[in-house]
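These numbers come from the heavy atoms of this one structure, side chains and all, not from hydrogens, waters or symmetry mates. These figures come from a predicted structure and were not determined experimentally.
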There are 2 protein chains.
Amino acid sequence: MGDEKIHWRSGCPISSALDVVGDRWTILIIRDLIIYGTRTYSEFLDSPEKISTNILADRLSLLTSLKLIERTQPEAAARNNAFRLTKSGAALRPVLLGLGKWSHTHLKPFHADIVKIH
Amino acid sequence: MGDEKIHWRSGCPISSALDVVGDRWTILIIRDLIIYGTRTYSEFLDSPEKISTNILADRLSLLTSLKLIERTQPEAAARNNAFRLTKSGAALRPVLLGLGKWSHTHLKPFHADIVKIH
DNA sequence: CCGCATCCGTTACGATACTG
DNA sequence: CAGTATCGTAACGGATGCGG
């Protein structure tokens, strides 16, 4: 359920960051939290990229175990619950903004439909 | 071989950036170019994370077609060749530095062996 | 209903062997 | 040395089931 141990490929900090967020979906979940204020499981499912339920559950579990996100009411039932960023997760904001800016500047020739955030 | 079309999941710039560099290896190749001055195929293979030959060839081909990197001597034979960043690829530097900094600050509790770059 | 877990076909990865 | 071919394995992705 997502909390299987991470395989750290090296001691390089960039490599280690990718061992955590270096897949197609994890950063999108963090984007939803940082930029769009997404909070619940079904709100994440509504994002335009259409993550599937098992992947979402797996990543939420992993991000929780690494303390990038946490549940707003740890004691409450799942249906009443929501997620929010921790300081650690929120600290990824400049990275995401940098990615978005780079994308908008350098990927336009290959993907004309890229829009600006906000 | 790597230049198959990219599937753009949405118009979101962050999502689009991940459609290009959102896997475990692509950013490491760019890291090698930006931070360690790696230039040749065999030098990439020597990185501590040990990318395999087919993945490396595939990613180099993809990054070339998207003009994040280019060959230093396009006309020369493969064995005499090397890669370098284009402006577009080099523009990812702040993103990589941000990732490294985040990692060093927030991943230490889970991976004590993280070292600093340089 | 909502938040997952499970099943299962398909795709991507990763190690190794091999070729020009 | 710079790749390509092959093939076993792991991850993904969609459908569905199920408990609270």
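Distance from the side chain of B:Tyr41 is smallest for D:dG3 among the nucleotides C:dG3, C:dA5, D:dG3. The A:Arg59 side chain lies nearest to D:dC12 when the options are C:dC4, D:dC12, C:dG3.
What separates CG of A:Leu45 from P of D:dG13 is a distance of 14 Å, to the nearest Å. Rounding to whole angstrom units, CD1 of residue A:Ile29 and P of D:dC12 are separated by 11 Å. Atom CG of B:Leu18 and atom P of D:dC12 are 13 Å apart (whole Å). One interatomic measurement links the two molecules: CZ of B:Arg39 to P of D:dC1, which rounds to 14 Å at whole-angstrom precision. In this structure, NE2 of B:His7 is placed 13 Å from P of C:dT11, rounded to the nearest angstrom.
Put simply, the side chain of B:Ser52 and the base of C:dT16 share no donor and acceptor less than 3.5 Å apart. Within 3.5 Å, a donor on the side chain of A:Asn54 pairs with an acceptor on the base of D:dG13, or the reverse. For A:Thr53 and C:dA5, a side-chain-to-base donor-acceptor distance below 3.5 Å is present, hydrogens and geometry of angles not being considered.
For B:Trp25 and C:dG14, the shortest distance from a side-chain N or O to OP1 or OP2 is below 4.0 Å. Considering only side-chain N and O atoms, B:Arg71 lies under 4.0 angstrom from the phosphate OP1 or OP2 of D:dG3.
In terms of position on DNA chain D, the residue among B:Leu60 and A:Ile51 whose nearest nucleotide sits closer to the 5' end is B:Leu60. Of the two residues near DNA chain C, A:Arg24 and A:Thr40, the one whose nearest nucleotide lies more 5' is A:Thr40.
A salt bridge links A:Asp19 and A:Arg9; the closest N-O separation between the charged side-chain nitrogens and carboxylate oxygens is under 4.0 Å. Between A:Arg59 and A:Asp23, at least one side-chain N (NZ, or NE/NH1/NH2) sits under 4.0 Å from a carboxylate O, which counts as a salt bridge. B:Arg31 and B:Glu49 are joined by a salt bridge, as a carboxylate oxygen and a charged side-chain nitrogen come within less than 4.0 angstrom of each other.
Enclosure of atom CZ in A:Arg24 by more than 12 non-hydrogen atoms of other residues, nucleotides or ligands within 6.0 angstrom is indicated. Within 6.0 Å of atom NZ in A:Lys87, 12 or fewer heavy atoms from other residues, nucleotides or ligands are found, so the atom counts as exposed in its surroundings.
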